[in-house]
Amino acid sequence: MNSRIPGFFKLSPEERLEKISQELHLSEEDKKVLTGNAGFTVENADRMIENTIGYLPVPLGLAANFKINSKDIFVPMATEEPSVVAAASNASKHAYESGGFTTTYTGSIMRGQIQVTNVKNPYFALAKIYENKGKIMQICNEQDSTLVSLGGGAKDIDVQIVETEIEKMVVVHLLVDTRDAMGANAVNTMAEAVTPFIEEITDGCVVLRILSNLADQRIVRARAIFKDPSLHGEGLKKFMDSYQLALFDPYRAATHNKGIMNGISAVVLATGNDTRAVEAGAHAYAAVSGRYRSLTHWELGENNELIGMIELPLAVGLIGGATQSHPVAKLVTKMLDVSSAEELAGIIAATGLAQNFAALKALAGDGIQKGHMKLHLKNIAVMAGATSEQIDEVVTKAIQKETHRFDDIKAIVEELRQRDRT
Ligand code: MEV
């Protein structure tokens with residue numbers, strides 16, 4: 001498959017779907033699922049959450065031009081934000097010729113925390129917990145024979161003493177290989193099951209038994225070389241200056257990482273994974289050094305290339321949760337043709353890196369408003385009451401008048417309404 005379809009962005013949604021269907025051999029039924037004509041129902045929604053009254057459709061786009069680990073990929077992105085898909089596609093185009101993105105993954109180890117309070121001698125208890133590691137592993141692994149049969153399960157423990165305002169608490173970390181699942185259910189079940197034994201050996205009182213979203217043993221890295229002829233001299237310097245601020249200033253780093261998460265969360269959502277878990281992990285990881293900083297690193301190459309690297313925890317899976325129960329997410333994952341959480345994590349990280357390249361390039365250049373404006377204007381036109389037939393004309397007139405003010409757009413809509421009435 002070739003992820004570079006010239007003019008893909010210029011096609012209508014129907015034409016794009018047709019092209020993609022040919023590339024990915026989608027059936028008529030698949031197309032109906034993607035376009036909302038089959039697939040997700042209120043019954044699906046009611047099985048997923050409580051007190052359901054309906055569901056909220058979110059646009060699903062495909063970012064083009066991605067080559068990840070030598071494979072061309074259309075990256076599915078579910079987002080309500082204009083410019084995100086265009087930015088990812090544009091950025092990845094500049095990394096394509098130099099080989100695209102290369103990714104690695106440290107494995108699917110998640111941490112489950114068991115908080116033990118009221119322990120008389122915390123260090124003595126810590127030693128006792130390690131002595132009983134075999135039994136702890138055994139109790140945990142009895143909870144999930146399927147995971148164990150797939151080579152996963154509890155693998156190790158890491159016992160920490162945390163000094164709080166009240167006392168020194170003993171915190172037992174279960175290190176669980178969750179393979180191709182995000183793993184929250186498996187880890188939480190194990191943590192709850194082993195609690196009585198932990199209380200017995202520590203003579204303490206267990207309070208929390210829950211997975212940690214700081215998945216620092218589930219790290220994905222992606223790297224790519226971006227060659228963009230429009231970036232040289234002063235432009236490159238400004239790009240690097242922008243990046244530097246995100247390394248040293250948490251106010252900027254928060255926005256810089258938000259832009260990265262625009263890409264990451266969009267793929268996480270499209271594949272039915274837990275956006276909040278990934279976001280919490282990413283931001284916590286950005287602060288592990290004691291200072292909140294950029295999740296990406298940028299270096300200058302010898303020939304005006306920008307060499308980028310992203311590193312973050314990614315707890316995502318292909319099985320469990322909405323990845324299977326949501327018909328669109330399930331189809332999207334099938335379209336991605338990934339066979340492991342590792343592959344999916346690589347795609348997500350690459351998208352985050354591309355998104356960051358696009359944001360820094362825009363910010364260091366003309367700013368982001370210019371690119372945003374057209375889609376943004378469409379939204380304002382709708383808010384101002386434009387009918388679907390009027391939207392494009394309203395946008396054209398607003399661009400001519402160089403305005404994106406709501407009152408101006410409302411006046412344009414009113415003008416068209418008067419004209420169409422006569
Ligand atoms: C907007 O959603 C994201 C940006 O603010 C990211 C950034 O500033 O790097 C453009």
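Everything quoted here is computed from the prediction, not taken from an experiment. Counting starts at 1 for both ligands and their atoms, in listed order.
Residues satisfying the salt bridge (charged side-chain N to carboxylate O under 4.0 Å, His left out) test with Glu299, not counting sequence neighbours, are none. Among residues two or more places apart in sequence or in another chain, the salt bridge (charged side-chain N to carboxylate O under 4.0 Å, His left out) test is passed with Glu15 by none. Asp241 is linked by a salt bridge (charged side-chain N to carboxylate O under 4.0 Å, His left out) to Lys237, counting only residues two or more places apart in sequence or in another chain.
The minimum heavy-atom distance between Lys155 and Met137, with the atom names listed, is C-SD, 3.5 Å. Across Thr103 and Ala222, no two heavy atoms sit closer than the pair CG2-CB, 3.8 Å.
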Please tabulate, one line per pair, the protein nitrogen or oxygen atoms found under 3.5 angstrom from a nitrogen or oxygen of ligand 1, with distances to 0.1 Å, or say none if there are no such pairs.
unit_1	atom_1	unit_2	atom_2	d
ligand 1	2 (O)	Glu81	OE2	2.6
ligand 1	2 (O)	Lys258	NZ	2.8
ligand 1	2 (O)	Asn262	ND2	2.9
ligand 1	8 (O)	Arg252	NH1	2.8
ligand 1	8 (O)	Arg252	NH2	3.3
ligand 1	9 (O)	Arg252	NH2	2.7

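Taking the six-membered ring for Trp and thresholds of 30 and 60 degrees, Phe226 and Phe101 have ring planes more than 60 degrees apart, a perpendicular arrangement.
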